[in-house]
Protein chains: 2
Amino acid sequence: MSDYPQQHSEPATAYHKSGDALPPVEQHAQQYETVRNAHETELIEDYVELIGDLLRHRGEARAADIANRMAVSQATVSKMIRRLNELGLVTSKPYRSLFLTEEGQKMAEISRTRHNVVLHFLRALGVDDSTARIDAEGMEHHVSDKTLAIMQRFTEQHQS
Amino acid sequence: MSDYPQQHSEPATAYHKSGDALPPVEQHAQQYETVRNAHETELIEDYVELIGDLLRHRGEARAADIANRMAVSQATVSKMIRRLNELGLVTSKPYRSLFLTEEGQKMAEISRTRHNVVLHFLRALGVDDSTARIDAEGMEHHVSDKTLAIMQRFTEQHQS
DNA sequence: CAAACAATTTAGCCTTGGCTAACAATCTTC
DNA sequence: GAAGATTGTTAGCCAAGGCTAAATTGTTTG
C-alpha cells in the first residue's frame with residue numbers, strides 16, 4: 001500500500017455531491033497507483049502478445065519483425081528480449097527465432113483475449129476499424145476484469 | 001514518422017480474414033507509436049488535471065495534497081512541478097500554493113471533460129462506481145476524440 | 001517570539017525504455 | 001564458398017519518473 005499517508009492538509013470530505021467532487025484521498029490514490037502498476041507490465045505484455053501473434057500467424061518471431069511492428073530500433077528490442085528472458089517469459093538462442101515459455105504463452109493468451117474483447121467492443125459501439133485498433137491498443141491494459149466482462153456482454157448483444 | 005522502415009522480413013499481407021489477422025506493418029506500428037506518445041503526456045495531464053480539480057474544490061493546490069492524492073513522495077511532486085513550470089503550465093512561487101497558467105487551465109479543462117465523458121460512459125454501461133473511477137483514470141488518455149464522441153452519445157441515450 | 005511541527009525543496013541515487021554506432025553472426029546469391 | 005546484405009548484439013548515452021535523506025522555509029502554538 002501507500003507509504004504516503006494523509007496528513008492534515010485536507011479536511012475530511014463529506015463526499016456529498018458525488019457528481020464531480022473529489023474522491024476521498026485513499027480512493028483517489030488507489031486510482032493513480034493502479035495506473036502506475038499497469039504501466040509497469042504494459043510493455044512486457046505488449047511484447048509477449050506480439051511475439052505470440054507472430055508465432056501464430058507467421059510460425060516464427062524475429063527481432064527484426066518486432067522492431068518493425070513496434071516502430072522501435074532493433075537495439076531496443078534486443079535489450080527487451082533479454083528482460084523477457086530474465087522474467088522467464090521467452091526462450092531465445094542468440095540469432096535465432098524466439099519462443100514463449102509456458103508462462104509466456106499464458107500471458108500472451110490473456111493479453112490477446114483482453115485485446116480482442118476491447119477491440120470488438122469498440123467496433124460494436126460503432127467505432128471505425130482503424131480508430132478501434134489504435135484505441136484498443138492503448139486501452140487494453142487499463143480495463144479491469146469487471147469492465148471487460150461487461151464489454152463482452154455488450155458486444156454479444158450488439159452483433160450485427 | 002518512424003525511422004524504422006519495413007525491410008524484407010515479412011511477406012506482404014493480404015489482410016483478408018480481418019478477424020485476428022495481423023494488421024499491416026505500418027498500421028501496427030502506428031498503434032504502438034500512438035500509445036507511446038500518449039504515455040509522454042499522460043502524467044503531465046494528470047498533474048494539471050488534479051491541480052485544476054484542487055483549485056476548483058479547495059481553492060488552493062498544495063504540493064502535499066498532490067503527493068497524498070497521487071500516493072507519491074513530496075520530492076517527486078516537487079520535481080514534477082518544476083517541469084510543469086518549465087512547460088508553462090503552472091506558476092508557483094517557492095513554498096506557496098500553485099496556480100495554472102492560461103494554457104494549464106485549458107489543458108485541465110480538456111482533461112477534466114475527457115475524464116468525465118469516460119467515467120459517465122462506464123457508469124452508463126453498467127460498471128460500478130469505484131471500478132469506473134479506476135478504469136477511467138487509466139483509459140482517459142487512450143481514447144481518441146472520435147471514440148469519445150461516440151461514448152458521449154451513448155451516455156446521453158442511456159441515462160437512467 | 002521561540003520552538004516545534006509541517007511543508008517544500010534539493011541532492012543524489014535507481015530503473016526503464018528509448019536512441020546511435022560499432023561489431024558479430026547468419027543468410028543469400030552468384 | 002566468399003561477398004554483400006540482413007539480422008542481432010553490445011556498449012554507452014539520455015530523459016523520465018520513482019525513491020530517501022537532509023536542508024530550508026513557513027506556520028502554529030505554548
Side-chain angles (χ1 to χ4, degrees), chain A residues 1-11 29 32-33 35-48 50-51 54 58 60-87 90-98 141, chain B residues 1-11 29 32-47 50-51 54 58 60-87 90-98 141:
Chain A
M1 301 302 123
S2 167
D3 285 352
Y4 305 99
Q6 178 181 16
Q7 288 169 339
H8 9 130
S9 307
E10 301 185 26
Y32 290 111
E33 274 179 310
V35 173
R36 277 198 302 275
N37 292 339
H39 281 161
E40 279 178 26
T41 48
E42 197 162 326
L43 235 208
I44 304 285
E45 285 177 13
D46 280 345
Y47 270 88
V48 169
L50 177 53
I51 291 168
L54 287 170
R58 289 275 161 42
E60 62 171 11
R62 309 302 302 253
D65 296 343
I66 298 172
N68 283 332
R69 297 200 97 92
M70 292 214 165
V72 131
S73 76
Q74 290 197 355
T76 297
V77 172
S78 201
K79 200 193 265 189
M80 202 63 191
I81 306 280
R82 197 171 16 182
R83 279 200 66 206
L84 297 178
N85 239 310
E86 286 161 7
L87 292 171
V90 312
T91 58
S92 67
K93 300 194 174 129
Y95 297 96
R96 282 287 128 76
S97 174
L98 301 168
H141 304 282
Chain B
M1 301 302 125
S2 167
D3 284 353
Y4 305 99
Q6 178 180 16
Q7 286 170 340
H8 9 130
S9 307
E10 303 184 23
Y32 290 111
E33 274 179 311
T34 303
V35 174
R36 277 197 302 274
N37 293 339
H39 281 163
E40 279 178 27
T41 48
E42 198 162 324
L43 236 208
I44 304 285
E45 285 177 12
D46 280 345
Y47 270 86
L50 177 53
I51 292 168
L54 287 170
R58 288 272 160 44
E60 63 169 10
R62 310 300 305 253
D65 296 344
I66 298 173
N68 283 333
R69 298 200 96 93
M70 289 215 166
V72 130
S73 76
Q74 291 198 355
T76 297
V77 172
S78 199
K79 199 193 267 191
M80 203 63 191
I81 305 282
R82 198 172 18 184
R83 279 199 67 208
L84 297 178
N85 239 310
E86 287 161 7
L87 292 171
V90 312
T91 57
S92 67
K93 302 197 172 124
Y95 297 95
R96 283 285 131 74
S97 174
L98 301 168
H141 304 283

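Heavy-atom basis, side chains included; hydrogens, waters and symmetry copies ignored. To find a chain, count down the sequence lines: A is the first, B the second, and so on, and within it residues start at 1.
Distance NE2 (A/His39) to C1' (C/dT15): 16 Å, rounded to an integer number of Å. What separates CD of B/Glu60 from P of C/dA7 is a distance of 11 Å, to the nearest Å. Regarding B/Ile66, its CD1 atom lies at a distance of 16 Å from the C1' atom of C/dA6, rounded to whole Å. Going from atom CD1 of B/Ile44 over to atom P of D/dA15 covers 15 Å, rounded to whole Å. We find that OH of B/Tyr32 is positioned 17 Å from C1' of C/dG18, with the value rounded to whole Å. For the pair B/Gln74 CD and C/dC5 C1', the computed distance is 13 Å after rounding to whole Å. Atom CG of A/Asp46 and atom P of C/dT16 are 17 Å apart (whole Å). Rounded to an integer number of Å, the gap from CG of B/Asn37 to P of C/dG18 is 11 Å.
Residues B/Asn85 and B/Thr91 approach most closely at OD1-CA, 4.2 Å, considering heavy atoms. Residue B/Asp65 comes nearest to B/Leu54 through the heavy atom pair CB-CD1, 4.1 Å, listed as atom of the first residue, atom of the second, then distance. Scanning both residues, B/Leu84 and B/Tyr47, for their nearest heavy atoms gives CD1-CB, 3.8 Å. Nearest approach of B/Ala29 to A/Asn68, heavy atoms of both residues: CB-O, 3.8 Å. Residues A/Met80 and A/Ile44 approach most closely at CE-CD1, 3.7 Å, considering heavy atoms.
For the atom pair NE2 (B/His141) and CG (B/Leu43), the distance works out to 8.0 Å, reported to the nearest 0.5 Å. The OG1 atom of B/Thr41 sits 9.0 Å away from atom NE2 of B/His39, with the distance rounded to the nearest 0.5 Å. Atom CD1 of A/Ile51 sits about 12.5 Å away from atom CD of A/Glu60, to the nearest 0.5 Å.
For the pair A/Arg36 and A/Ser97, both in contact range of DNA chain D, the more 5′-proximal nearest nucleotide belongs to A/Ser97. Comparing A/Thr76 and B/Ala61 against DNA chain C, the residue whose closest nucleotide sits nearer the 5' end is B/Ala61.
Remark: side-chain polar atoms of A/Ser97 are paired, donor with acceptor, to backbone N or O of A/Ala61 under 3.5 angstrom.
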Could you run down the sub-3.5 Å N/O contacts of the protein with nucleotides 23-28 of chain D?
| residue | atom | partner | partner atom | Å |
| --- | --- | --- | --- | --- |
| D/dT24 | O2 | B/Tyr95 | OH | 3.3 |

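Less than 4.0 Å separates DNA chain C from at least one heavy atom of each of the following residues of residues 78-87 of chain A: A/Lys79, A/Met80, A/Arg83.
Among the atoms of the strands shown, base atoms are found under 4.0 Å from some heavy atom of B/Ala75.
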